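Remarks on the structure that follows.
Note that these values count all heavy atoms, side chains included, but never hydrogens, waters or copies made by symmetry. Since the model is a prediction, treat every value here as computed from it, not as a measurement. Order of the sequence lines fixes the chain letters, A, B, ..., with proteins taken first and strands second; residue numbering starts at 1 for each chain.
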Number of protein chains: 2
Amino acid sequence: MTNEISFFQNPDGTREEILEATFYALRQHGYADLTISKIGDEFGKSQSLIYHHYDDKDELLVDLLDYMLEQVENQVPLPNQSPEEYIEIIVDEIFGTSSNSDVEFSQAVIELRAQAAHDDDYNRLFRRSDDFIRKQIARVIQSGVDAGAFDVEDPSQTAALFHTVLVGIQAERITSDEETIDDVRTEFRRYVEKCLLSE
Amino acid sequence: MTNEISFFQNPDGTREEILEATFYALRQHGYADLTISKIGDEFGKSQSLIYHHYDDKDELLVDLLDYMLEQVENQVPLPNQSPEEYIEIIVDEIFGTSSNSDVEFSQAVIELRAQAAHDDDYNRLFRRSDDFIRKQIARVIQSGVDAGAFDVEDPSQTAALFHTVLVGIQAERITSDEETIDDVRTEFRRYVEKCLLSE
DNA sequence: TACTGTTGACTAAACATTCAATATACTTAA
DNA sequence: TTAAGTATATTGAATGTTTAGTCAACAGTA
């Protein structure tokens, strides 16, 4: 059982080291209790060094979100395989491996998403990332429709529901047990079969 | 266009007045920037008065969450009507009226849900509330199945997906435009028709 | 009188941020 | 190859502000 987050392995610069430390501190203490001092502790260096790389706390946190959403976008698989296989992969990614690190990453993302209600920078970054993911899914569904494999009303609408379920699962994982998540997975698979796949 | 939240109209005691003020302060400043002083400002009285009613900030916030989730649970309609009508109502509630106050209430709930990752009290309250809602929906679906109106694999699974979409929409509302929410609504209605209603 | 509501001033801790000082690494000229 | 010089990394201490929480006092009311 590893405790490491794959996105942050081998940080190649001080900036990435600080982002890594910020992520771990966020995970551990939550956004509301996140202080430069705690980030410094996780960083292993003094907190004044952080100000050598970032003007202030805000700039650092916006950079962290940017960095994390970049990882999220990179995790969306490329459309190399058939639409059917692609949907299979997407569904697996939505419901995740239930590994500790995945869950903790999702929780951090949701916590930052909540901040978007009061911070324009966060709002902008999430809009961009959400749009990207929705469009990517919609494109794959469209190609499945073109190939006759899928039968939907509008690929954008189907992709929108996929994304809502993705976000919903992220938020629910905070409190729900694995059993409930499994129920959602089963029902969502039923939806994919009856509402997406052609007969 | 009113700015009032129906849940908080006519607070009948000081405790409710403080909870109301706390909610407005949370809405306005966000959880991370929520201070007793700001709550006092919204309250219209001095902040030391708050300590006359609550031991500390934590107790107040847990009480707020308890209060809010009570409202959420009360908003779930009673199964007075037919299962078909009930599902119609539930879907409308999930996707909301897009009124300002509803959106702001949802945002506050999601922000508090994010805290459940680091606070056991929050976690417990959300578990209770989520379970309650899921079971209520599952019960209605079961009665629809019994009446021959619905055809599902397992009412609990269907209810679980309903709840995930509910939470997902709450979280997405923070950043998404109404157009995207409409897409989700349309697709979810398609799901209800093809996966829930009998032919 | 006793109880509740209410206040403003107070305290101690935590916090973001600054700064002067030191160390380390990197560059270049003799 | 060395010495000097410059940029960058790093620190601990200091600062001013914000914050949660306390408290003694005052007002109204039953």
Carefully, step by step, assess B:Glu187 and B:Arg190 under the rule salt bridge (Lys or Arg N to Asp or Glu O under 4.0 Å).
CA-CA 5 Å; B:Glu187 182 69 8; B:Arg190 199 167 75 91; 3.0 Å; yes
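B:Thr35 and B:Ser37 share no side-chain donor-acceptor pair at under 3.5 Å. In this model, no donor atom of one side chain and acceptor atom of the other lie less than 3.5 Å apart for A:Asp183 and A:Thr180.
Taking 4.0 Å as the cut-off between side-chain N and carboxylate O, B:Lys194 and B:Glu199 do not count as a salt-bridged pair.
Mapping heavy-atom proximity under 4.0 Å, the span of DNA chain C touched by chain A runs 5' to 3' from C:dC15 to C:dC19.
The shortest side-chain heavy-atom distance between B:Tyr67 and B:Thr22 does not fall under the 4.5 Å cut-off.
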Starting at the 5' end of nucleotides 8-22 of chain D, put B wherever the base has a protein heavy atom under 4.0 Å, S where only the sugar-phosphate does, and a dash everywhere else.
-BBBB------SSBB
Output one line per pair: protein atom, nucleotide atom from nucleotides 24-27 of chain D, and distance, for all N/O pairs under 3.5 Å.
none

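Judged as a salt bridge (charged side-chain N to carboxylate O under 4.0 Å, His left out), the pairs with a partner in residues 58-83 of chain B (not counting sequence neighbours) are, in order, B:Arg15-B:Asp63, B:Asp66-B:Arg128, B:Glu73-B:Arg128. Among residue pairs with one or both ends in residues 105-117 of chain B, those qualifying as side-chain hydrogen bond (donor to acceptor under 3.5 Å, both in side chains) are B:Arg113-B:Asp130; sequence neighbours excluded.
Closest non-hydrogen pair, A:Ile39 versus A:Ala21, comes out as O-CB, 3.8 Å.
Partners of A:Tyr191 according to the ring-ring contact (aromatic ring centres under 6.0 Å, His included) rule, which considers only residues two or more places apart in sequence or in another chain, are A:Phe188, B:Tyr191.
Once rounded to the nearest 0.5 Å, the distance linking CZ of B:Arg189 with CG of A:Leu161 reads 13.0 Å.
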